[in-house]
**Student:** 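Supplied in structure tokens, the structure appears directly below.
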Amino acid sequence: MLTLAACMQFARESADEELIRTHPERFILITLRNTEGMSATRAGSSPRDYGSAMQYAIAPRTRATARELATRYRLTPVREWPISQLRVHCIVYRMDPGESQSDLLRRLRDDARVESAQPLNSFGTLSGTYNDPYAGLQRSLPAMGVPQAHTWSRGKGVSIAVIDTAVDINHPDLAASKIAVSNFTGQRTRGAAHGTAVAGVIAATGGNSVGIVGIAPEARVHSLAACWSESASPARAVCDSFTLAVALSRAIEMKADIVNLSLGGPSDPLLRRLVEHGLARDMIFVAALPTEGVATGFPSEIPGVVVADAVGHKHAADNVLLAPGIDVLTLVPHNGYDFVSGSSMAAANVSGGIALLLSHRLQANEVRDVLAQTAANGNSINLCVALAGSEAEQHCDSGEVAGRAHNSLNSPARR
């Protein structure tokens with residue numbers, strides 16, 4: 001029982017440490033006078049380091065005050081240590097859910113037992129957001145608030161099936177992504193332009209000092225090759241009902257969270273049934289709007305499918321999410337990079353963006369509406385605004401927040 005209790009305590013503390021890194025606004029820092037404290041042997045201890053040996057320099061009266069404050073203000077101690085130079089004891093408390101930080105700090109500062117009270121502020125080193133040399137050329141990143149969004153989520157734990165041509169998984173900017181590969185074309189395939197470009201937008205490895213940054217670089221990507229390049233035009237690719245059906249069946253079998261379909265064609269009863277089967281299981285299907293600007297044919301005509309188009313494209317379709325899709329810097333086979341345009345790139349950006357939201361614990365039935373609320377007047381979706389919610393003005397660039405839908409900025413913070 002003692003071992004179990006110790007494990008549960010460690011798990012709680014580990015969860016708090018993770019929460020401090022991701023949501024410091026849910027914590028406060030206070031100091032208590034500790035003039036009678038014992039000599040400290042080390043700093044940076046956590047509550048579980050307390051013991052009969054009293055290695056932690058805290059006076060009995062200070063310890064009692066800390067407990068009283070926790071009870072009075074419904075606080076949970078997470079970190080604490082003495083600062084001998086200032087003759088104070090410093091404590092990080094987790095606030096009670098729903099508590100206003102500003103109101104709580106005001107009340108604490110009025111409490112005579114408290115020496116000081118302040119937010120748990122965050123700081124960063126003064127370096128560029130990414131060390132990837134071409135990241136500065138990715139205009140799609142600031143357009144969607146990706147650098148700020150990456151402070152909350154990079155898509156970890158979310159699986160994305162890319163049904164497209166084969167992907168050049170040997171590209172150095174995909175080497176660390178560990179993309180799983182399946183081929184349903186019935187022919188030998190190497191990495192082709194279209195699939196590699198889509199995968200690059202979604203999953204190019206970030207922070208590797210190589211090339212570019214994907215929207216969801218920590219997502220699990222599965223390349224399901226169902227299309228092949230046209231011999232006359234390698235930039236174009238074709239698929240058929242059978243190869244797409246097998247690939248869709250595989251995506252459903254593996255329970256992919258998101259299926260990216262940067263392709264289009266006529267209505268197809270079999271493919272429609274498969275997509276509807278996946279939708280009923282809370283899978284998210286993202287489709288590229290056809291070049292005609294109307295959501296007709298497979299897969300964009302299917303209710304429940306998230307349809308994406310490039311910002312600046314003219315379209316007559318309703319409920320279309322707009323994302324960067326013109327001159328998007330991405331990967332091409334044989335270690336290359338190029339600017340690619342089309343609604344296919346917009347769909348890839350939306351798929352990556354949805355991965356960030358799912359990784360941040362939004363539900364599949366929420367993500368489309370949340371993203372739609374961040375785009376207004378022909379603007380791109382904004383991932384920072386989607387994740388920050390009511391705190392967008394604080395955490396996202398003011399220029400990116402301006403003009404976004406009013407409902408998004410007044411919704412609960414996306415945590």
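Remember, predicted model here, so these are calculated numbers, not experimental data.
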**Student:** Got a salt bridge between Arg61 and Glu68, using NZ or NE/NH1/NH2 to carboxylate O under 4.0 Å?
**Tutor:** yes
**Student:** Treating Asp132 as the side-chain partner and Gly206 as the backbone partner, does any N or O pair qualify as donor plus acceptor under 3.5 Å?
**Tutor:** no
**Student:** Is any side-chain N of the basic residue among Arg94 and Glu99 closer than 4.0 Å to the acidic one's carboxylate O?
**Tutor:** no
**Student:** Is a side-chain donor or acceptor of Thr71 paired with a backbone partner of Arg67 at a separation under 3.5 angstrom?
**Tutor:** yes
**Student:** Could you tabulate the donor-acceptor pairs under 3.5 Å formed by side-chain atoms of residues 211-223, not counting sequence neighbours?
**Tutor:**
unit_1 : atom_1 : unit_2 : atom_2 : d
Arg220 : NH1    : Gly157 : O      : 3.3

**Student:** Name the one of Asn208, Thr196, Thr330 that satisfies side chain to side chain donor-acceptor pair (under 3.5 Å) with Asp173?
**Tutor:** Asn208
**Student:** Which word best sums up how the rings of Tyr130 and His150 line up, parallel for under 30°, tilted for 30 to 60°, or perpendicular for over 60°?
**Tutor:** perpendicular
**Student:** Quick one: side-chain hydrogen bond (donor to acceptor under 3.5 Å, both in side chains) partners of Gln118, sequence neighbours excluded?
**Tutor:** none
**Student:** Could you tell me whether a side-chain N or O of Ser343 sits under 3.5 Å from a main-chain N or O of Asp309, the two making a donor and an acceptor?
**Tutor:** no
**Student:** Please report whether the ring centroid of Tyr337 lies less than 6.0 Å from that of Tyr134.
**Tutor:** yes
**Student:** Side-chain atoms of residues 299-307: list all donor-acceptor pairs with protein atoms under 3.5 Å, sequence neighbours left out, distances to 0.1 Å.
**Tutor:**
unit_1 : atom_1 : unit_2 : atom_2 : d
Ser300 : OG     : Thr296 : O      : 3.4
Glu301 : OE1    : Ser267 : OG     : 3.0
Glu301 : OE1    : Gly297 : N      : 3.1
Glu301 : OE2    : Ser267 : OG     : 2.6

**Student:** Can a donor-acceptor pair be found, under 3.5 Å and without considering hydrogens, that links the side chain of Arg33 to the backbone of Val88?
**Tutor:** no
**Student:** Heavy atoms only: give me the nearest His171-Asn335 pair and the separation to one decimal.
**Tutor:** NE2-C, 3.3 Å
**Student:** Thinking salt bridges, do Arg273 and Glu276 make one under a 4.0 Å N-O criterion?
**Tutor:** no
**Student:** Hey, does the side chain of Arg281 reach the backbone of His277 with a donor-acceptor pair shorter than 3.5 angstrom?
**Tutor:** yes
**Student:** Between the main-chain N or O of Asp327 and the side-chain N or O of Ser341, is there a donor-acceptor pair closer than 3.5 Å?
**Tutor:** yes
**Student:** Could you tell me which residues satisfy side chain to side chain contact (heavy atoms under 4.5 Å, CB included) with Ile169, sequence neighbours excluded, listed by chain and number?
**Tutor:** Val167, Ile179, Val181
**Student:** Measure across Val198 and Asp164 and return the closest heavy-atom pair with its distance rounded to 0.1 Å.
**Tutor:** CG2-OD2, 3.8 Å
**Student:** Can you give me the closest heavy-atom contact between Ala197 and Val340, atom names plus distance?
**Tutor:** CB-CG2, 4.4 Å
**Student:** Not counting sequence neighbours, which residues clear ring-ring contact (aromatic ring centres under 6.0 Å, His included) with Phe339? List them please.
**Tutor:** none
**Student:** Report, one line per pair, each donor and acceptor closer than 3.5 Å where one atom sits in a side chain of residues 344-352; sequence neighbours left out.
**Tutor:**
unit_1 : atom_1 : unit_2 : atom_2 : d
Ser344 : OG     : His194 : NE2    : 3.1
Ser344 : OG     : Ser262 : O      : 3.2
Asn349 : ND2    : Pro324 : O      : 2.8
Asn349 : ND2    : Met345 : O      : 3.4
Ser351 : OG     : Asn260 : OD1    : 2.6
Ser351 : OG     : Ala347 : O      : 3.2

**Student:** Would you name the heavy atoms of Met144 and Ala323 that are closest together and state the gap between them?
**Tutor:** SD-CB, 4.3 Å
